Engineer: 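The following block contains the structure, expressed as structure tokens.
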Amino acid sequence: MVWSKLGSETGSGSSVDITNLTAKKHNQIISHLLQNGDVDLRMRLGNGSFDTSSNYADRFNYNGDSTDYTYNTQDDWHIINTSATHDSLLLVMEIINIDTEIKLSIFHCVHNRATGAGSVPDRMEGVNKWVNTSDQFDYIQLKDLSGSEIGSDTNISVFGTD
């Protein structure tokens, strides 16, 4: 099994989009997000365009808390919702992308709470599904639901294999 880079995009503002992916069954997404302010980071997938319908569901928690947050029939996936500005965020996600199956993912996200060693980072982890069973995704979008606080040089890269 050989992994290859399927797409990468660097940007800022309200979203960072990759619209030219080669669809593969197994995908890993790595993103480094720089923030200009409070970011409510979400993700959308699509085939030929972004799916903005209520075809997404997710379950996640913050910092290992015993509370799971669940959302169904959403128009995107939750990645991180920050109530304070953090200057840096790392996202690692695995997605299965078989055209006739529901797309499932698992992700881990860590972001800086404050500068210096006097504070620990925050983490969020979760699982998601996209209920499209007729296509593989070839579009992926990181978007800021709260505005345009995605900072300059934010990057998303997608790697994949069959």
Side-chain angles (χ1 to χ4, degrees), residues 3-24 26-53 55-65 69 71 74-95 97 103 105-130 132 136-161:
W3 288 80
S4 60
K5 189 174 187 177
L6 305 179
S8 184
E9 196 62 46
T10 300
S12 64
S14 61
S15 72
V16 179
D17 307 341
I18 301 177
T19 58
N20 58 350
L21 289 174
T22 301
K24 296 288 186 178
H26 308 282
N27 297 267
Q28 183 176 66
I29 297 166
I30 300 172
S31 180
H32 178 227
L33 175 83
L34 299 168
Q35 296 177 237
N36 289 329
D38 298 352
V39 172
D40 187 355
L41 192 64
R42 305 296 178 93
M43 182 177 282
R44 281 190 175 144
L45 304 174
N47 182 278
S49 65
F50 294 111
D51 181 355
T52 60
S53 299
N55 293 322
Y56 302 85
D58 48 30
R59 172 185 301 271
F60 57 88
N61 71 43
Y62 292 102
N63 294 322
D65 188 25
Y69 299 91
Y71 294 89
Q74 300 292 300
D75 66 355
D76 53 29
W77 288 337
H78 292 79
I79 301 299
I80 197 77
N81 185 349
T82 65
S83 58
T85 301
H86 305 284
D87 62 353
S88 187
L89 173 142
L90 171 67
L91 167 68
V92 177
M93 177 181 275
E94 304 280 340
I95 304 177
N97 188 25
K103 298 359 169 221
S105 80
I106 186 168
F107 74 92
H108 299 276
C109 186
V110 60
H111 58 93
N112 185 23
R113 178 179 282 175
T115 58
S119 64
V120 297
D122 285 329
R123 68 182 163 120
M124 182 174 163
E125 59 224 359
V127 292
N128 316 91
K129 72 177 177 178
W130 181 45
N132 181 315
Q136 288 181 295
F137 69 83
D138 59 5
Y139 275 47
I140 191 163
Q141 177 183 62
L142 283 178
K143 67 176 191 143
D144 179 11
L145 193 65
S146 64
S148 58
E149 301 298 329
I150 296 174
S152 183
D153 292 329
T154 291
N155 180 270
I156 180 171
S157 295
V158 181
F159 302 87
T161 188

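The model shown is predicted, which means the values in this text are computed figures rather than measured ones. We number each residue from 1, following the sequence as shown.
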Engineer: For Leu34 and Ser152, which heavy atoms make the closest approach, and how far apart are they?
Structural biologist: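 Taking Leu34 first and Ser152 second, the nearest heavy atoms are CD1-O, 3.0 Å.
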Engineer: Where is the tightest heavy-atom contact between Asp76 and Asp58, given as atom of each residue plus distance?
Structural biologist: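 Heavy-atom minimum between the residues: O-OD2, 4.2 Å.
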Engineer: With sequence neighbours excluded, what pairs up with Tyr139 under the ring-ring contact (aromatic ring centres under 6.0 Å, His included) test?
Structural biologist: Phe50
Engineer: How are the rings of Trp77 and Tyr56 set to each other: parallel, tilted or perpendicular (split at 30° and 60°)?
Structural biologist: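 Answer is perpendicular, since the angle exceeds 60°.
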Engineer: Using a distance-only test with no angle check, is there a side-chain donor-acceptor pair under 3.5 angstrom linking Thr19 and Asp17?
Structural biologist: no
Engineer: Could you tell me if the side chain of Asp144 sits less than 4.5 Å from the side chain of Asp40, heavy atoms only?
Structural biologist: yes
Engineer: Out of curiosity, Leu45 CG to Asp51 CG, how far, rounded to the nearest 0.5 Å?
Structural biologist: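 One finds 8.0 Å between CG of Leu45 and CG of Asp51.
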Engineer: Let me confirm one number: the OG-CD distance from Ser49 to Gln141, rounded to the nearest 0.5 Å.
Structural biologist: 11.0 Å
Engineer: Check Ile18 against Val158 and note the closest heavy-atom contact, atom names and distance.
Structural biologist: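 Where Ile18 meets Val158 most closely, the heavy atoms are CD1-CG2, 3.9 Å.
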Engineer: If you measure from NZ on Lys129 to OG on Ser105, what distance do you get to the nearest 0.5 Å?
Structural biologist: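 Lys129 NZ to Ser105 OG: 12.0 Å, rounded to 0.5 Å.
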Engineer: Can you find a side-chain donor-acceptor pair between Thr10 and Asn155 that sits under 3.5 Å?
Structural biologist: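 Yes - a donor-acceptor pair under 3.5 Å links their side chains.
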Engineer: When you compare the side chains of Ser157 and Ser8, does any donor N or O come within less than 3.5 Å of an acceptor on the partner?
Structural biologist: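 Checked: Ser157/Ser8 side chains pair up, N/O donor to acceptor below 3.5 Å.
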Engineer: Checking side-chain contact (heavy atoms from CB on, under 4.5 Å) against Ile79, which of Leu33, Leu91, Leu145 comes through?
Structural biologist: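 Between Ile79 and the candidates, side-chain contact (heavy atoms from CB on, under 4.5 Å) is satisfied uniquely by Leu91.
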Engineer: What is the minimum heavy-atom distance between Arg44 and Thr52, and which atoms define it?
Structural biologist: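 Shortest heavy-atom separation between Arg44 and Thr52 comes out as NH1-CG2, 3.5 Å.
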Engineer: For Tyr69 and Tyr62, take the angle between the two ring planes, folded into 0 to 90°, and tell me which bin it lands in: parallel under 30, tilted 30 to 60, perpendicular over 60.
Structural biologist: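 Tyr69 and Tyr62: perpendicular rings.
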Engineer: Could you measure the distance from the CD atom of Glu9 to the CG atom of Leu21? Nearest 0.5 Å is fine.
Structural biologist: 10.0 Å
Engineer: Would a 4.5 Å heavy-atom cut-off, applied to side chains only, mark Asn55 and Asn132 as touching?
Structural biologist: no
Engineer: Any side-chain heavy atom of Lys24 sitting closer than 4.5 Å to one from Asn97?
Structural biologist: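 No. Closest side-chain heavy atoms not under 4.5 Å.
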Engineer: Taking all non-hydrogen atoms of both residues into account, name the closest pair between Phe137 and Ile95 and its distance.
Structural biologist: CE2-CG2, 3.6 Å
Engineer: Just how far is it from atom NE2 of His78 to atom CE of Met124, taken to the nearest 0.5 Å?
Structural biologist: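 His78 NE2 to Met124 CE: 7.0 Å, rounded to 0.5 Å.
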Engineer: To check you understand the geometry: which heavy-atom pair defines the closest contact between His26 and Trp3, and what is its length?
Structural biologist: O-CZ3, 3.8 Å
Engineer: If I take atom CZ from residue Arg59 and atom CG from residue Asn128, how far apart are they, to the nearest 0.5 angstrom?
Structural biologist: 11.5 Å
Engineer: Determine whether a donor-acceptor pair (N or O, by modelled atom type, separation under 3.5 Å) exists between the side chain of Asn63 and the backbone of Arg123.
Structural biologist: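 Confirmed, Asn63 side chain pairs with Arg123 backbone.
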